[in-house]
2 protein chains.
Amino acid sequence: MANIHQIAERAGVSVATVSRVLNNAPTVSPKTRSKVESAIKELNYQPSMLGRNLRNSESRLILVLLPTFSNPFYSEIINGIQDTVIAKGYNILLCETDSRPERENIYFNMVKNKLADGVISMDPTINMKKLKELAESHPVILCSEYEEGGCIPYVTVDSELAAYQAVKHLIQLGNEKIALINSDEKFLYARQRRAGFERALKEFSLPIREEWIYHTKGLDFQHGVHAMRMLLQQEEKPTAVFAVSDTLAIGALKAINMELRAMEPIAVVGFDNISFSSMTNPTLTTVSQPMYNMGCTAADMLLNSMKGERVENIVLDHELIIRESTMG
Amino acid sequence: MANIHQIAERAGVSVATVSRVLNNAPTVSPKTRSKVESAIKELNYQPSMLGRNLRNSESRLILVLLPTFSNPFYSEIINGIQDTVIAKGYNILLCETDSRPERENIYFNMVKNKLADGVISMDPTINMKKLKELAESHPVILCSEYEEGGCIPYVTVDSELAAYQAVKHLIQLGNEKIALINSDEKFLYARQRRAGFERALKEFSLPIREEWIYHTKGLDFQHGVHAMRMLLQQEEKPTAVFAVSDTLAIGALKAINMELRAMEPIAVVGFDNISFSSMTNPTLTTVSQPMYNMGCTAADMLLNSMKGERVENIVLDHELIIRESTMG
DNA sequence: TTGAAAGCGCTAACAA
DNA sequence: TTGTTAGCGCTTTCAA
C-alpha cells in the first residue's frame, strides 16, 4: 500500500500538496491537482485513516452501546443511527455490553483513547455514574433509556403516557382485571410504564393488585412465558395483560395459547412494535415506538454535540397499534 | 488526557521506559516499574490507541459485514464473534451493507486503510469479485454464505443435506405435495437448499412441480406471507412447505393461519432456529444452525489467519428440530 | 537496565 | 500556489 510520500514523489510535488488534493483544499492549481490525481490512480493509493486519525485526533467512529443484539427493538434503532452517521462519513462501533461491567470499561476506554469520537447508549443497565463522568469530557447521547434530571441529552418516548393509553385501551374494552408484566423497576422505563399503568387503573377506580404485577428477570420470550404462567396460577385470573416489551407480550401470548385452550381469551398489549408482533397468532396490540427515527435523531444529536453545539432532549411520538390480541 | 511524555516526566524516566512498562517488557527493574505505575495512576493515564495503532499498523478492529440487522439469524452469530474477539483484545465494527454496493466500498476501503485488520462477511449479496481481491492482501473469512471452490476460507453448514433431511421428514409424515419457499437462487445457500429439496423428492419418486416452488424477493416475514398466499392460490394446494429461512416459514405460518381456518393443516419446516420459532403457534419445526458457534469459529479462523496461519474450511453440524408445525 | 532518536502517515502553520 | 517542517502518541532499534 502506497503512502503519501510515494504519491508526492511520483507526482513531483510535496506531501503537503498531496494532502491538499486529498482534502480538496482550494489553493491547488488544476494542473498540479491532476498530476497528483493521476499518481493516486496509478498507485491505487488510499490515504491511511490511522495517520489521519492520529493527526486530527479523531477516529470518525461512533460507539453504540446496547445490552443485547437479541431484542429486535434495537435493530431498527441501529439502522437509523447507521444511515445517519454514514452520510456524514462516520461509522459505528456496535457494542453489546451483555450487562457485563468489564465490557463497559473496555468501551469507555476506547472513547478516552480517542478510538471513538462519541457514544450513543441504549443500555439501561449501564453504569450511569461512569457514563456521566465520561460525558463531562466526551459527547454522549442516551437513546430510549435515559436519566431523569440528568445532564446527558437524550431522545426517548413518553413511556408513562404510552403505558397509560395502552392500559386505558384495555379498560375501555371492558377489562377490569388487568395484569402488568414488568421488567426490573431499577430501569426508568419500567418505573414509568408502571406509573402509566397505575394512572389508568386509578382513573377508572380499579384497584392495583400486587399479585397481578409480575417482574421478570429479563426481556426474552421465555421470561414472558414464565411471567404469564405465574399470573395464570393466581386464584383469580386477570382478563388482560399489559407487558412492557413485545418480547414479553409474545411470550405471554404463547403461554396463554398453551395453557388456556378452552378458556376465555386474555387480552394482551405489548410495547415496541417489533416486526414479529404482526406475525403472532393473534397479532399483537402494541405501542409503536418510532425506532428508526429515534436512531436517526440520536445520531443527529450526537453529531451536533460533537460539533460543540448544545443539544436539547427530544421526546418522540408513539402510537397505539390495535391488533387482534385486544379484539376478543 | 495525559500522554506518554507527561508520564515519563512525572516518573523521571524516558518515554521508552514508560512504553516498556505499558507493554510488560521484562527488562524493567521493579523499582522503575513501580515509579512509572504510580505516575500512570496519578495522572489517570490511558495510552492512546491512535498512536499505538499507527505505530503498529493495526487497529485491532474486525469488520463484520451483514446484509441486515433485522434477521435475528445474524444476532446470534454476532454474539459468537464478539465474545471471541473481545477475549483477544479486538473489537468489531459491525456493518450492515443493506445490499448497497456503495457501502461495500466504504468498508473495503476501511480495511485497505488499516482501519480494520480483517473481515468476516456474512453477506450473500456481497460483491465476491471485490472481496476476493481484498482477500489477496487482507485476512477475510466467509461465514454461512460462501463460494464453492473459491479461495476464501469459510465456515458454514451443509445446506443441501439439511434441506434434504427437512424435506424427507415431511415426506415421511405422509406428505406428497411439498412446496418450496426459496429466496433468490443467485445465492449459493438457496441453490443448495433447493438441491436438497429435489434430492428428497426424487428419492421418494415424487415429482418436482415448478408451481410449488416460489422465489421471494427477500427474507422478511412479509415475503413469507406473500409466498404462502401465492401457493395457496394454486388449484392443487401443497400439503406441506419447506421454507429456506425461519422468517419466511413464520410468514407462511401466518398466511396459513389467516387463510385456512377450516382447512387441513399444512406442515411447515423452516431453517435457522431463530428464537421466534418456538413462539409461533404452532411452534416451528426447523433446521437448527449452530449460530453462536459459527460466529466463534469464524472469529477464530480470522484471528488465526491474521497471525499468518493457514486456515481450513469448516462445516458445522446442524440438527432438525421437530416441533408442532409438522405434528398435525 | 535505561535513554536518545527515528519513524509510522498524515495535516497545517509558516515561509517562500 | 507550493514546499518545508514540526508534530500527533506511540514503539523499537541502537547505543550506552
Side-chain angles (χ1 to χ4, degrees), chain A residues 1-40 43-61 89 109-117 137, chain B residues 1-40 43-61 89 109-117 137:
Chain A
M1 196 66 180
N3 65 24
I4 200 170
H5 281 98
Q6 293 162 26
I7 302 298
E9 197 176 355
R10 176 112 180 184
V13 300
S14 73
V15 292
T17 302
V18 178
S19 177
R20 289 192 187 101
V21 172
L22 254 25
N23 294 288
N24 288 315
T27 68
V28 183
S29 77
K31 214 173 97 192
T32 312
R33 182 179 298 276
S34 79
K35 270 196 301 181
V36 172
E37 277 166 353
S38 25
I40 290 178
L43 298 185
N44 190 25
Y45 167 71
Q46 302 273 357
S48 155
M49 293 293 167
L50 256 28
R52 179 175 288 175
N53 290 350
L54 175 60
R55 176 63 220 221
N56 293 347
S57 193
E58 65 169 15
S59 61
R60 302 218 136 227
L61 253 28
N109 284 343
M110 293 180 76
V111 183
K112 291 185 189 157
N113 281 334
K114 301 271 176 196
L115 235 194
D117 298 340
S137 46
Chain B
M1 195 68 180
N3 64 24
I4 199 170
H5 282 99
Q6 293 163 24
I7 303 298
E9 196 176 356
R10 177 109 179 187
V13 300
S14 71
V15 292
T17 302
V18 178
S19 176
R20 289 190 188 102
V21 172
L22 254 23
N23 295 285
N24 287 313
T27 69
V28 182
S29 77
K31 215 173 98 194
T32 312
R33 182 179 299 275
S34 79
K35 269 197 299 183
V36 173
E37 278 166 352
S38 21
I40 290 177
L43 298 186
N44 192 24
Y45 167 70
Q46 302 273 358
S48 155
M49 292 295 167
L50 255 29
R52 179 175 286 174
N53 289 350
L54 175 61
R55 175 65 218 221
N56 294 347
S57 191
E58 65 167 16
S59 61
R60 302 219 137 227
L61 252 30
N109 285 342
M110 294 180 75
V111 184
K112 291 184 189 157
N113 280 335
K114 300 272 179 197
L115 233 195
D117 298 339
S137 46

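Keep in mind the model is a prediction, meaning the values are calculated, not measured.
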*Under 4.0 Å between any heavy atoms, over every strand shown, what does A/Leu54 touch: base, sugar-phosphate, or nothing? Just pick one.*
base
*If you check the A/Ala16 side chain, which of D/dG3, D/dC8, C/dG3 turns out closest?*
D/dG3
_Distance test, side-chain N/O of A/Arg52 to OP1/OP2 of C/dG9, below 4.0 Å_ = no
*asked:* Measuring to OP1 and OP2 of D/dT11, would you say a side-chain N or O of B/Asn23 lies under 4.0 angstrom away?
replied: yes
*Selected nucleotide, minimal atom distance to B/Ser14 side chain, candidates C/dA12, C/dC10, C/dA4*: C/dA4
*Starting at the 5' end of DNA chain C and moving along, which residue's nearest nucleotide shows up first, B/Val28 or A/Met49?*
B/Val28
*When rounded to the nearest 0.5 angstrom, what is the spacing between CG in B/Asn53 and CG in A/Asn113?*
9.0 Å
*Look at all strands and tell whether B/Ser48 reaches a base, only sugar-phosphate, or nothing, counting heavy atoms closer than 4.0 Å.*
sugar-phosphate
*Pick base, sugar-phosphate or nothing for B/Val18, based on heavy-atom distances below 4.0 Å to the nucleic acid.*
nothing
*asked:* Check this for me: B/Lys35, atom NZ, are more than 12 non-hydrogen atoms of other residues, nucleotides or ligands nearer than 6.0 Å?
replied: yes
*With side chains defined as the heavy atoms from C-beta onward, is the minimum distance between B/Asn24 and B/Arg33 less than 4.5 Å?*
yes
*From the options C/dA13, D/dT1, C/dT11, select the nucleotide whose nearest atom is closest to the side chain of A/Ser19.*
C/dT11
*Scan B/Asn56 against the nucleic acid and name what it touches under 4.0 Å (heavy atoms): base, sugar-phosphate only, or nothing.*
sugar-phosphate
*With no hydrogens and no angle check, is any side-chain donor or acceptor of A/Asn3 less than 3.5 Å from a backbone partner on A/His5?*
yes
*Closest to side chain of B/Thr17, choosing from C/dA13, C/dG3, C/dG7*: C/dG3
*With the side chain of A/Arg55 defined as its heavy atoms from C-beta on, choose the nearest nucleotide among D/dC8, D/dT1, C/dT1.*
D/dC8
*asked:* Checking contacts here: which listed nucleotide (D/dT1, D/dG3, C/dT11) is nearest the side-chain heavy atoms of A/Ser29?
replied: D/dT1
_Out of D/dC10, C/dG3, C/dC10, whichever nucleotide has its closest atom nearest the side chain of A/His5_ = C/dC10
